[in-house]
Amino acid sequence: MYRTNTCGELRRDHAGQEVTLSGWVDKYRDHAGIVFIDLRDRYGKTQIKFNLEDNSDTQKLARGLRYEDVIQVTGDVVARPDDMINPKLSTGEIEIRVKTLKLLSKSATPPFVIDQADLPNEELRLKHRVVDLRRPELQKAMILRHQFTKLVRDYFDEQGFLDIETPILGKSSPEGARDYLVPSRVHPGCFYALPQSPQIFKQLLMCAGYDRYMQIARCFRDEDLRADRQPEFTQIDVEMAFVEQDDVLSVIDGLIVRMLKELKGIDYPAKLPRYTYADVMERFGSDKPDMRFGMELHDLGDIAKTCGFGVFSKTIESGGRVRGLVAPQAAEKYSRKMIDELTAFVGDYGAKGLAFFRVNENGLDSPIAKFFDESHQQAIISRLGAQPGDLIFCVADKQSVTSAALSALRNRLGRELKLYDPSSFSCLWVVDFPLLHFDAESQRWVAEHHPFCYPHPDDVALLTTDPGKVRAQSYDLVVNGYEAASGSIRIHDAKIQQQVFDLLNIKAEEAELRFGFLLEGLRYGAPPHGGIALGLDRWVMLLCGYDNIRDVIAFPKTQKASDLLSGAPSEVDEHQLKELSIKVDLPEELS
RNA sequence: GGCCCUGUAGCUCAAUUGGUUAGAGUACCGGACUGUCGAUCCGGUGGUUGCGGGUUCGAGCCCCGUCGGGGUCGCCA
C-alpha cells in the first residue's frame, strides 16, 4: 500500500497514528541533524521530518532528496508544539516523524520551481506542462472545472435532460468558421469536418423526440486564437422541444444561480436581468457589456450638430453619430500623453480621433473647448451628468465605429480606474438580436446567428418589407463582458425557413445540398424547439478569476495553434499521405 | 493578413542607453548547521544574449530578415 492518507488531510486529531504518505518533494530544509520536507500531493502539503537519532540511514537518504522527487514515507503523526504550528498549512498543526523512507522516483532537476513567486514565461510552462499542472493555480482550475461539469450534469439530469453524444467526424459546411478537415481513407478525395458545434444534430434529436438534450461537447474552429479562444473548446450544448424563448432562459437562469451559489458562494437573483440588443448597443456600444460598472454611453448628436466644431457637426450632417462617456474623477489621472495613448487605442477600432474635455467648476477645459460656447458646454455636461474633476471622451464617426471604440474605451477605463470589484460577477441576458445584417462586401444579407434562427413573432411580416429590422428569437448570456452562452429558437416551419433561405440567397438546390439532412429531419413532424450552448472554458476562466482560457485547459494550444508539449501539428510519413490519396502542395516560400 | 509587446545563465530579471572579462537572486553542485517552514551561512559550476545578415574601431543594445511566445484588429454562421 502506497498511502494510508493524503497530504492534505492529517490534523491534530490524528496525532499518535502511524501513517504512510506518498507524494512529491515540494521543499526541503536540511539542518544536518534534522531534515524537514514538505510533501505534496493534490490534496495539500504535509511536513515530514527526519531525526538523526531516529535512523541515520534514512536521514542520510533524506538529505539527498530534491525538488519533485517522488517518495513514500511511513511514520507517526506528531502534534507540533504551539510555537511551531504553521498557520499557512491546513496540516500545519502536525508533522510526520518518519521511520522509513522509500524513493519511488528520482526527479531530474525541474525546468522551473513550482512555488516560485515569479511565474516562468508561458512558452516554457506549456513545454513542461506536466510540471506546470502541479501548480496550485492550475490544480484549482482543473478541480473547479470538474466540479462545474458535475454540477451541470446533475442539474440537467434533475431537469429531465438526456446526455446524448453526437458525431465528431461530420460533414463540412462552407458557412461559418473554417473547418478542421479529416481525410477519408476509404473515400479518396473526401473529407470529414470536425464539428464547429453539434448544432444540426441536436436539432435532429429534437425532431426525433428526445425533447431535452444536453451534451458536454468538444467543438473545433480553425480561426485565429485569442485570450478567450482556443481552436478546440468545450460547449455545454443544450436543446429543448416544445419551448419558447422564456423556457430556455429560465432553465439556464436556474443553472447559473445554482452554479454561482455552489461554486462561488454568491447569491444571485433567481432571474437574470434581460436587456434588448438595441438597448445595450445604445447604452454600452457592445452586445456583451461588462455591467459590473456604469459609465454608459450618451448620444450628443443634437448638441454636436449646432456646435462650432466642424468634425462634430459634419459627422452629424453625413449621417454619423457623436457619442461620449464620462470617466469619473479622471481629469487629473490622465495626462495629455496618456490621452494620446488612448487616442491610439481607439484608433484600433477605426476611430479617427478621440475628443476629450476636462470638467471644471466653470465648464469644459480642452484644446477644442473654444469651439463650444457656454450653452453647448453646459448641454454636454448636463447630458453626461458630469461633475467637476471628471474627464469626458467623445467619438464622432459612423455608428458602428462609435460603438466599437467607446465600448473598448469604456472597458479599459473601467479597469484602469478600478470602477468595479474584479472578483464580482455580473450576468445578464441580451435578447432580440437582429436576424440578419447586410454585408457590404458581398452585398447580401447574412445570418447574424445561423440560418435556422426563428424570427421574432412580431416581425415575421417585416421579412419581406424590411429584413434589417427583423429581430431574431436569439439570446446571449453575458458575464463580465464575455459572451458566456448563446442560443436561439429554431425554425420548425418550412414556409418561414424558405423565406429566410430566400433572403440569404440560398437556393433550394443549394439548401438541399448543404443542409439537406436537417431539412429532411424537419420534414417528418418537427416540434417547435430551441436551445443554447454555454462556453465551458470561458465559464471556468471567469469562475477562477483568470484572464485567459489556457489556464483552465489541461493541455492548451498556443496562439499559432501548436501544442508545445506534444509538438502537434507535425508532418506525417509519406506512406500515410499516400494511403489517404493526399499530395502536399506547399506555397513556394515554405517548400 | 495588419498593428503592438516580448526573447540575456535551468528559472526570474539587470546591464549607467554603442565601450573593459555580460551581473544579481534563485535553482544546481560541494561544505557548515538539531526546529525549519521563502531556513540560514560559506564556496563553486553555469552564457554562441532565439537564429541569420548588416552598420561600426567596437553591438545584448542600432538596422534588415527570420523563428518562437503573448495581446489585439480583421476573422470566429
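All chains are named by letter (A, B, ...) in the order of the sequence lines, taking the proteins before the strands, and each is independently numbered beginning at 1.
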Does [N] have its OP1 or OP2 closer than 4.0 Å to a side-chain nitrogen or oxygen of [X]?
X         : N       : answer
Lys88(A)  : rG38(B) : yes
Tyr28(A)  : rG38(B) : no
Thr558(A) : rG69(B) : yes
Arg29(A)  : rA39(B) : yes
Arg229(A) : rC73(B) : no

For [X], which contact category applies under a 4.0 Å heavy-atom criterion: base, sugar-phosphate, or nothing?
X         : answer
Glu122(A) : sugar-phosphate
Arg63(A)  : base
Asp83(A)  : nothing
Leu119(A) : sugar-phosphate
Asn86(A)  : base
Ala177(A) : sugar-phosphate
Tyr67(A)  : sugar-phosphate
Asn121(A) : sugar-phosphate
Glu53(A)  : base

Is there a donor N/O on one and an acceptor N/O on the other, under 3.5 Å, for the side chain of [X] and the base of [N]?
X         : N       : value
Arg80(A)  : rC37(B) : yes
Asp224(A) : rG74(B) : yes
Gln559(A) : rG71(B) : yes
Glu95(A)  : rG35(B) : yes
Arg226(A) : rG74(B) : yes
Arg221(A) : rC76(B) : no

Please give the distance between the [atom1] atoms of [N] and [M] as a whole number of Å.
N       : M       : atom1 : answer
rC13(B) : rC76(B) : C1'   : 37 Å
rG46(B) : rG25(B) : C1'   : 15 Å
rG10(B) : rU55(B) : C1'   : 35 Å
rC33(B) : rC42(B) : C1'   : 11 Å
rC57(B) : rU20(B) : C1'   : 15 Å
rC51(B) : rG60(B) : P     : 11 Å
rC5(B)  : rC41(B) : C1'   : 41 Å
rA22(B) : rG58(B) : C1'   : 15 Å

Whole-Å distance between [N] [atom2] and [X] [atom1]?
X         : N       : atom1 : atom2 : result
Asp228(A) : rU72(B) : CG    : C1'   : 11 Å
Arg125(A) : rU6(B)  : CZ    : P     : 20 Å
His31(A)  : rC41(B) : NE2   : C1'   : 12 Å
Leu65(A)  : rC37(B) : CG    : P     : 19 Å
Asp38(A)  : rC37(B) : CG    : P     : 11 Å
Glu123(A) : rU6(B)  : CD    : P     : 16 Å
Glu341(A) : rC4(B)  : CD    : C1'   : 10 Å
Ile85(A)  : rC37(B) : CD1   : C1'   : 13 Å

On RNA chain B, nearest-nucleotide positions of Ala227(A) versus Asp118(A): which is more 5'?
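That would be Asp118(A).
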
Per side chain to side chain contact (heavy atoms under 4.5 Å, CB included), His529(A) is matched among Leu522(A), Leu205(A), Ile489(A), Val248(A) by Leu522(A)

Under 5.5 Å centre to centre and under 30° between planes: does that hold for Phe112(A) and the six-membered base ring of rC11(B)?
no

Pairing nucleotide - rG52(B), Watson-Crick or G-U, each distance under 3.5 Å:
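The answer is rC64(B), by the H-bond criterion.
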
Going by purine N1 to pyrimidine N3 plus the second Watson-Crick contact, or the G-U wobble pair, all under 3.5 Å, which nucleotide sits opposite rG30(B)?
rC42(B)

rU36(B): syn or anti, with syn meaning chi within 90° of zero?
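You should classify rU36(B) as anti.
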
Might you confirm whether atom [atom1] of [X] has over 12 heavy atoms from other residues, nucleotides or ligands at distances under 6.0 Å?
X         : atom1 : answer
Glu53(A)  : CD    : yes
Lys99(A)  : NZ    : yes
Lys469(A) : NZ    : no
Tyr192(A) : OH    : no
Asp83(A)  : CG    : yes

Does any non-hydrogen side-chain atom of Leu119(A) lie less than 4.5 Å from one of Glu137(A)?
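Sidechains of Leu119(A) and Glu137(A): no contact.
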
Asn55(A) and Gln59(A) side chains, donor-acceptor separation under 3.5 Å
no

From the set rG10(B), rG35(B), rC28(B), return the single nucleotide nearest to any side-chain atom of Pro111(A).
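Of rG10(B), rG35(B), rC28(B), rG10(B) is nearest to the side chain of Pro111(A).
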
Main-chain N/O of Gly44(A) paired to Asp41(A) side chain as donor or acceptor, under 3.5 Å:
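Such a contact is found between Asp41(A) side chain and Gly44(A) backbone.
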
